[in-house]
Amino acid sequence: MNDKSDHLPPDWPTDEAAAHAVQDELRGRVILDEPGPAPGAPLVAVGVDVAYDDERDVVVAAAVALDARTLEVLEEATAVGRVAFPYVPGLLAFREIPTVLAALDRLAVTPGLLVCDGYGLAHPRRFGLASHLGVLTGLPSIGVAKNPFVFRYQDPGPRRGDSAPLLDGAEEVGRALRTRTGVKPVFVSVGHRVSLDTACAQVLALTRGYRLPETTRAADSLCRRALAAETGSVPPGAE
DNA sequence: GCGACAG
DNA sequence: ATCTTGTCGC
């Protein structure tokens with residue numbers, strides 16, 4: 001009755017130096033010169049997210065495929081794994097990616113765009129979660145974060161669609177994008193095979209009535225429910 | 001050296 | 001991320 005698995009490659013990094021080396025190697029495979037999926041065209045947008053039970057070192061990943069035009073849910077998948085790395089700002093991907101990949105593998109549809117929680121290019125080493133996931137899957141990917149991380153920005157205009165550069169010094173690493181009038185912006189950055197303009201347009205197309213895109217809302221909701229199903233009914237300490 | 005710091 | 005009740009508002 002226990003289909004829990006670790007999903008860890010044998011060479012998965014266990015310390016920061018090894019993780020940095022992986023980032024440095026994979027960063028060279030990021031593709032930045034593709035515009036990415038055109039907004040308004042048929043597209044399977046897949047939201048991915050994870051939830052943790054730190055007590056048991058359990059992580060649950062969810063991947064939810066939506067029709068980007070209707071926002072209809074096409075398919076859902078989850079996977080359960082062990083936490084693969086401690087939380088270190090800048091190394092988030094090493095915590096989440098093994099289990100996220102397992103969830104994506106369980107999807108029958110082919111994603112046209114991955115929408116991740118967190119960042120892609122907007123990263124101290126220019127290789128955040130969305131970049132990492134994009135390179136490993138070969139799929140177009142973007143990052144949508146709720147916080148500006150270590151970066152600065154001027155407040156965008158007040159209306160939905162208004163945006164301002166997300167800056168690392170003078171370099172634009174992403175965009176603060178207002179998805180709802182009068183509400184705090186989200187922070188969008190490029191992952192793999194998508195331009196920043198396309199990333200922002202897709203985020204707006206995937207957002208209806210809430211600050212966050214429906215892809216991330218659906219994935220967040222699913223992984224929380226799956227985590228509760230996985231651990232909620234089991235007393236702590238029970239193996 | 002100390003704090004800040006996506007999720 | 002996660003710990004957590006009620007409450008104000010459309």
Side-chain angles (χ1 to χ4, degrees), chain A residues 16 19-20 22-23 26-27 30 47-64 78-101 103 114-135 141-153 160 166-169 171-177 179-192 196 199 203 208-213 215-232 236:
Chain A
E16 296 193 23
H20 286 178
V22 171
Q23 291 181 327
L26 294 180
R27 189 176 48 227
V30 173
V48 298
D49 194 16
V50 301
Y52 300 99
D53 182 336
D54 286 323
E55 291 301 300
R56 300 184 190 74
D57 256 24
V58 167
V59 53
V60 174
V64 181
T78 62
V80 182
R82 292 289 172 182
V83 174
F85 205 87
Y87 173 66
V88 180
L91 300 179
L92 221 206
F94 295 93
R95 259 171 102 67
E96 313 197 337
I97 276 192
T99 312
V100 168
L101 288 176
L114 299 179
V115 182
C116 308
D117 270 40
Y119 283 113
L121 225 208
H123 179 276
R125 302 171 60 82
R126 300 296 181 270
F127 196 73
L129 172 63
S131 316
H132 203 144
L133 196 57
V135 166
S141 67
I142 64 176
V144 180
K146 298 181 277 299
N147 300 294
F149 202 5
V150 296
F151 306 109
R152 317 284 289 176
Y153 66 102
R160 166 176 162 88
L166 185 65
L167 299 173
D168 186 359
E171 178 183 359
E172 180 178 30
V173 294
R175 211 163 275 164
L177 176 66
T179 52
R180 276 196 81 181
T181 297
V183 173
K184 174 181 176 174
V186 299
F187 304 91
V188 178
S189 66
V190 157
H192 186 52
L196 186 53
V203 168
R208 301 291 161 75
Y210 295 87
R211 179 164 85 115
L212 297 175
T215 35
T216 91
R217 286 169 39 77
D220 179 79
S221 162
L222 177 57
C223 68
R224 287 181 198 242
R225 278 179 281 132
L227 178 65
E230 180 67 25
T231 67

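What you see is a predicted model, and the numbers here were worked out from it, not measured in a lab. Note that these values count all heavy atoms, side chains included, but never hydrogens, waters or copies made by symmetry. Per chain, numbering begins at 1; letters A, B, ... match sequence-line order.
- A/Phe187 places its CZ atom 11 Å from the C1' atom of B/dA6, with the value rounded to the nearest Å.
- A distance of 5.0 Å separates CG in A/Asp49 from CG in A/Asp220, rounded to the nearest 0.5 Å.
- Taking atom NZ of residue A/Lys184 and atom C1' of nucleotide B/dA6, one finds them 12 Å apart after rounding to whole Å.
- The phosphate of B/dC5 has neither OP1 nor OP2 within less than 4.0 Å of any side-chain N or O from A/Asn147.
- Of the candidate nucleotides B/dA6, B/dG7, B/dC5, B/dA6 has the atom nearest to the side chain of A/Leu129.
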request  = Let me see the working for A/Tyr153 and A/Phe187 under ring-ring contact (aromatic ring centres under 6.0 Å, His included), right down to the final yes or no.
outcome  = CA-CA 10 Å; A/Tyr153 66 102; A/Phe187 304 91; 5.0 Å; yes
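- Atom CZ in A/Arg152 sits about 14 Å away from atom P in B/dA4, given to the nearest Å.
- Within 4.0 Å (heavy atoms only), A/Gly143 reaches no atom of the nucleic acid at all.
- The pair A/Arg95-A/Asp54 counts as a salt bridge, with a side-chain nitrogen and a carboxylate oxygen less than 4.0 angstrom apart.
- The distance from atom OH of A/Tyr119 to atom C1' of B/dA6 is 7 Å, rounded to the nearest whole Å.
- Shown here for A/Arg211 and A/Lys184, the closest heavy-atom pair between the two residues is CD-O, 2.8 Å.
- Residues A/Val144 and A/Pro213 meet the side-chain proximity criterion, which asks for heavy atoms closer than 4.5 Å.
- You'll find the side chain of A/Arg126 reaches within 4.5 Å of the side chain of A/Glu171, heavy atoms only.
- Counting heavy atoms from C-beta on, the side chains of A/Leu196 and A/Glu172 come closer than 4.5 Å.
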Would you tabulate the nitrogen or oxygen pairs shorter than 3.5 Å linking the protein to nucleotides 1-8 of chain C?
from  : atom 1 : to       : atom 2 : distance (Å)
C/dA1 : OP1    : A/Arg224 : NH2    : 3.0
C/dA1 : OP2    : A/Lys146 : NZ     : 3.1

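- What separates NE2 of A/His123 from C1' of B/dG7 is a distance of 12 Å, to the nearest Å.
- The distance between atom CZ of A/Phe149 and atom P of B/dG7, rounded to the nearest whole Å, is 9 Å.
- Across all strands, A/Leu166 comes closer than 4.0 Å to no nucleic acid atom at all (heavy-atom distances).
- When the P atom of B/dA4 is taken as reference, atom CZ of A/Phe151 falls 18 Å away, rounded to whole Å.
- Distance, A/Glu16 CD to B/dC5 C1': 12 Å, rounded to whole Å.
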